[in-house]
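Chain A is the first sequence line, chain B the second, and so forth, proteins listed ahead of strands; every chain is numbered from 1. Reckoned from all heavy atoms, side chains included, excluding hydrogens, waters and symmetry mates.
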Amino acid sequence: MSELMEMLTRRGYFWQSFEIYGGMAGFVDYGPLGNALRRKIEDIWRKHFVIRERAVEIDTPTVCVEEVFIASGHVSCFTDVAIECESCGRVFRADHYIKEVLGIEIEPTIETVKEIIDEYDLKCVCGGRFREPFLFNLMFSTKIGPGKGKMGYLRPETAQGIFIDFRRLLEYFRHKLPFGVAQIGRAYRNEISPRQGVVRLREFNQAELEYFVHPKEKRHENFERYANVKVKLLDKNDKPHEVTLREAVERGIICHELMAYFIGKTREFLLEVGVDESKLRFRQHKDDERAHYAIDCWDAEVLTSYGWIEIVGIADRTDYDLKKHMEHSGEDLRVFVQFERPIRVKKRKIVPNMKKLGPIYRAKAKEIAKKLEELEVDDYVDSVTVEVDGEKIEISREFFEIEEVEEEIHGEKIVPHVIEPSFGLDRITFTVLEHNFDKDVVEGEERRVLRLKRWIAPIPVAVLPLLSREPFISKAKEIVEMLRNEGIYTEYDDSGSIGRRYRRFDEIGTPFCITVDHQTFEDSTVTIRDRDTTKQVRVKIEELPNVLKELLSSERDIEEFGEIFRS
RNA sequence: GCGCGGGUAGUCUAGCCUGGUAGGACAACGCCCUUCCGAGGCGUUAGCCCGGGUUCAAAUCCCGGCCCGCGCACCA
C-alpha cells in the first residue's frame, strides 16, 4: 500500500467495505473525512452544473424495472455469454466469436454456445480449448416484490432516470429548450475483477447532467466564457493538440461548440476542487471505444499513480435514449418547437369519399380513410396504395378527391439531443487527494501535508491550546463553541505537544489551526497558522469567525488579516 | 476469470523455510513534564484474514474461500 493509501485508511478517509467479514472487492466505505470531502466536491459540482446553468436536480430510484434497460439497450449490451480459453486465458463474447470464426448467427445462451463448441469442436485462435461458457452480465439483477416478483436491475448509470421523467421535466421547463437535468447518486456495475482501490468499484457515485438541446443548436450562450481557455486535447487518432476551445471548434477537432463548452466547464470545476492542471487532459474516444448510445465522447483524464484514468466522460448521446424510450413505452417524447415565422405551404391533400368507401370496403373503410388523409400526393394521380393491417390495397380515384390547400405551419416536433457530462465522484475524490498529497521539510523534519483547497477541506479549522492545561484548555473550548455556533466545522485537540498536533492536522489537510497561547490572556488575540507555509498571524478573537470565513472561501494570504507572529 | 507474490495490534513490520511462550517501531489513550512545529518519563489498550485438514501441538505444513498487489483478460 502506498504511503498515501495507508494514511487515508488510518485517518478515516476510506475503508475496505465489510472488513470484519473478510471484505468484498469493489466496495468502499467513506470514513468521516472521505465522506465530508466528497460532499464538498458534490456541492461545488452543483454550483457549476446546476446553479450556473438552466438546470435542475432530481433524484430517481436506483432499482429500476427491467423495461428501462431493455429500452436503453443495456440489457442486450450487458448480458453476454463469454468463453475463455484455458491455455491463453483470452475471453471472448461467444456470439461475436462464433459469428467471426464460423459465420453463424446464434442465440447467445449458454446451452447454444455449449452445443456449438461441441458440434464444431471450436478452438481458440491460439489453438487452445475453451472452458465452460459463462454468463457475463455487468448489471446487478434483483426481484421486485415477493414470490416470483418482477425482474429489476440496479441502475448502471443515473442517466436513465432522467430520460424516463422527460415528459414531466419538459413540462417543468415549460416546453422550452435548452435545459439541463442533473442527478447525483449511486450506480452499480458488477465488474468482473474490480481493482485499484476506488478507481473501479461495483457501487459508485456519479454526478451526471443531461443537457437537452435542439439538434441543430448545439451551442451555448455562455461559450465565450471558455472560448479562450487553452486545453490539452488528444483526438481519436491519438493526435495531441494544445489549443483554445474556440480554435478546437473552428478546426473541427471538437465537433461542436456545446461539447467544447462542457469541456471548458469541466476543466474549471476540476481545477476548483484541486485537480492538478498539469496532470489533466481531454481525450476523445476512438470509434470502437464508444458506448452504444454515443456518437462522440471526450473523457477528462488525469495522471495518477495508476496511470491516466478517466474521471469524467462528456458524451453526445444524440436522441438515442429518448427515441428508444419512445419506441418501447409508446409515449411521445418529442418537443414542439415553434418556427420564428410560420411557414406557408401549398399541399395537395386527399379527401376520402366515405359514401363510396363505406359500402365497398366496409369494416376497413375507416382505417383506409385515415391512411388516405395521411398521404401526401405530388400530382393528380389516378390511384394510390395504402396498407391496412399488412394488406396493400389499391384505391382508385373514384373514392377520393384531391384538394389543393394552403397550410400555415407554426413549428415542428423534434426529439431533442442530449449532451451528457458524467462525473465519477469516487475517482475525482481520490484524484484530489493524490494530487494534493505532498511532503516538505519544516525545521529540519520531514512532514506530510495534504494541500487541499481550503473550501473542500473536511476539517477546515482546529483550535489548539498551546499547553494542555488550564486556563488554555477552557479558553480554547470557548473558542471552539463560538466557531461552531458560527457554522464553522471546528475540531479541538489538546493531546501531545503543539508540534505534534500541527502535524496531525497537516496530514489530514486542515488549512488553519487556531492556537491559544499566553498572549491570548493579555490582549484577547489568538494565532492563525497556515498549513501550507506554517506562518502564523495574530487576530482578535472577536474577529475570528469573519476572518476564517473569508480565508476559507478565498485564497487570500493570512498576512492580510493580522501581524505576523512567528514565521 | 487465469497466473505469480502476499495477508501478523490502528499503521508498518520480525517470526514461517526448520511446527512448541508472537517480538519491535510508530500511532492511540491516561498521568507527569513542557510558553509554538512528530521532545522526554511512567503506565495502558491492542494482533497471527476465514473455514477445514495433518499433528500431542499450527502464525508456521496441506486444502478451500475471502481480501490485497502485479501481469494477462475484462472495463457496455
Side-chain angles (χ1 to χ4, degrees), chain A residues 1-3 5-12 15-27 31 69 72-80 82-93 124 128 131-134 136-139 156-157 189-197 199-202 204 285 288-294 297 305-306 309-310 313 315 424 440-449 464-469 472 493 495-507 513 515-522 526-527 529 531 533-536 565-567:
Chain A
M1 192 161 28
S2 71
E3 196 177 351
M5 286 309 294
E6 180 266 305
M7 188 280 280
L8 296 179
T9 305
R10 188 165 40 79
R11 301 306 303 272
W15 296 314
Q16 163 76 238
S17 294
F18 314 113
E19 208 173 14
I20 66 167
Y21 291 109
M24 177 51 77
F27 297 91
F69 301 114
S72 70
H74 284 90
V75 168
S76 54
C77 288
F78 264 47
T79 313
D80 303 322
I83 43 176
E84 188 192 7
C85 170
E86 59 180 28
S87 59
C88 72
R90 286 175 69 180
V91 175
F92 303 94
R93 258 186 74 169
C124 173
R131 287 172 214 281
E132 287 285 287
F134 58 95
F136 171 72
N137 189 336
L138 241 43
M139 280 196 292
E157 57 172 6
R189 293 177 199 182
N190 203 356
E191 298 280 355
I192 300 172
S193 68
R195 281 212 194 147
Q196 304 180 311
V199 173
R200 257 174 86 191
L201 293 173
R202 288 182 165 130
F204 54 100
H285 278 202
D288 59 358
E289 187 182 358
R290 282 191 301 269
H292 60 278
Y293 48 70
C297 185
S305 53
Y306 298 115
I309 61 167
E310 171 201 347
D440 64 3
V441 174
V442 172
E443 310 210 345
E445 289 248 24
E446 188 180 77
R447 72 164 179 160
R448 299 194 287 190
V449 52
L464 320 171
L466 181 62
L467 298 175
S468 42
R469 60 170 150 85
F472 301 93
D493 188 357
S495 158
S497 72
I498 189 72
R500 184 189 207 76
R501 285 176 268 154
Y502 287 147
R503 295 299 162 83
R504 266 190 208 140
F505 285 103
D506 289 341
E507 190 179 62
C513 287
T515 307
V516 172
D517 61 9
H518 292 85
Q519 199 179 322
T520 303
F521 300 97
E522 290 159 20
V526 287
T527 66
R529 169 186 179 272
R531 173 197 67 201
T533 61
T534 77
K535 277 192 218 159
Q536 287 173 290
F565 170 63
R566 287 175 75 250
S567 54

Find the partner of [N]: check Watson-Crick (N1-N3 plus N6-O4 or O6-N4) and G-U wobble (N1-O2, O6-N3) distances, both under 3.5 Å, and reply none if neither fits.
| N | value |
| --- | --- |
| A28(B) | U44(B) |
| C61(B) | G53(B) |
| C37(B) | none |
| G69(B) | C4(B) |
| G19(B) | none |
| C74(B) | none |

[X] near the nucleic acid: base, sugar-phosphate alone, or nothing, with a heavy-atom cut-off under 4.0 Å?
| X | result |
| --- | --- |
| R529(A) | base |
| S495(A) | sugar-phosphate |
| I498(A) | sugar-phosphate |
| G26(A) | nothing |
| Q519(A) | nothing |
| Y21(A) | nothing |
| M24(A) | sugar-phosphate |

Of all the nucleotides listed ([options]), which has the minimum atom distance to the side chain of [X]?
| X | options | result |
| --- | --- | --- |
| T527(A) | C36(B), C68(B), U11(B) | C36(B) |
| R504(A) | G38(B), C68(B), A28(B) | A28(B) |
| Y502(A) | C37(B), A76(B), U34(B) | C37(B) |
| L138(A) | A76(B), C37(B), C36(B) | A76(B) |
| A25(A) | C68(B), C36(B), G38(B) | C68(B) |
| R500(A) | C68(B), C37(B), G38(B) | G38(B) |
| R503(A) | C37(B), U34(B), C36(B) | C37(B) |

What's the gap between [N] and [M] when it is taken at their [atom1] atoms, as a whole Å value?
| N | M | atom1 | answer |
| --- | --- | --- | --- |
| C16(B) | C62(B) | C1' | 14 Å |
| G30(B) | U45(B) | P | 15 Å |
| C2(B) | G38(B) | C1' | 46 Å |
| G47(B) | U11(B) | P | 12 Å |
| C75(B) | G1(B) | C1' | 14 Å |
| C48(B) | C56(B) | P | 26 Å |
| C17(B) | G7(B) | P | 13 Å |
| G20(B) | A57(B) | P | 14 Å |

Do you know which two heavy atoms are closest between W15(A) and G31(A), and how far apart they sit?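 For W15(A) and G31(A), the tightest heavy-atom pair comes out as CZ3-CA, 3.6 Å.
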Heavy-atom closest contact (R202(A) atom, A25(A) atom, distance): NH1-O, 2.9 Å
How close or far is atom [atom2] of [N] from atom [atom1] of [X], stated in whole angstroms?
| X | N | atom1 | atom2 | value |
| --- | --- | --- | --- | --- |
| E6(A) | G69(B) | CD | P | 15 Å |
| I20(A) | C67(B) | CD1 | P | 16 Å |
| N190(A) | C74(B) | CG | C1' | 13 Å |
| E191(A) | A73(B) | CD | P | 16 Å |
| L466(A) | C33(B) | CG | C1' | 14 Å |
| E289(A) | A76(B) | CD | P | 8 Å |
| R501(A) | U34(B) | CZ | P | 15 Å |
| W15(A) | C68(B) | CH2 | C1' | 19 Å |

More than 12 heavy atoms from other groups under 6.0 Å of CD on E289(A):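 More than 12 heavy atoms, drawn from other residues, nucleotides or ligands, come within 6.0 Å of this atom.
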Is F505(A) close to L464(A) at the side-chain level, that is, under 4.5 Å between some pair of heavy atoms?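 Sidechains of F505(A) and L464(A): in contact.
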Side-chain N or O of [X] closer than 4.0 Å to phosphate OP1/OP2 of [N]:
| X | N | result |
| --- | --- | --- |
| R290(A) | A76(B) | no |
| S497(A) | A39(B) | yes |
| R202(A) | C75(B) | no |

side-chain contact (heavy atoms from CB on, under 4.5 Å), that's the test. Do R200(A) and Y306(A) meet it? Break it down for me. CA-CA 11 Å; R200(A) 257 174 86 191; Y306(A) 298 115; over 6 Å; no
Per nearest nucleotide of RNA chain B, the residue lying toward the 5' end, H518(A) or E445(A), is H518(A)
Residue closer to the 5' end of RNA chain B, G22(A) versus Y306(A) (nearest nucleotide):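 The residue whose closest nucleotide sits nearer the 5' end is G22(A).
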Got a salt bridge between R448(A) and E3(A), using NZ or NE/NH1/NH2 to carboxylate O under 4.0 Å?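 E3(A) and R448(A): salt-bridged.
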Any ion pair linking R529(A) and D506(A) (charged N to carboxylate O, less than 4.0 Å)?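 Salt bridge: yes.
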Does [X] make a side-chain donor-acceptor contact with the base of [N], cut-off 3.5 Å?
| X | N | value |
| --- | --- | --- |
| Q536(A) | C36(B) | yes |
| R195(A) | G71(B) | yes |
| R200(A) | C74(B) | yes |

Please test R501(A) against C513(A) for side-chain contact (heavy atoms from CB on, under 4.5 Å), starting from the C-alpha separation and ending with a verdict. CA-CA 9 Å; R501(A) 285 176 268 154; C513(A) 287; over 6 Å; no
Quick one: sort the F472(A) and H518(A) rings into parallel, tilted or perpendicular, breaks at 30° and 60°. perpendicular
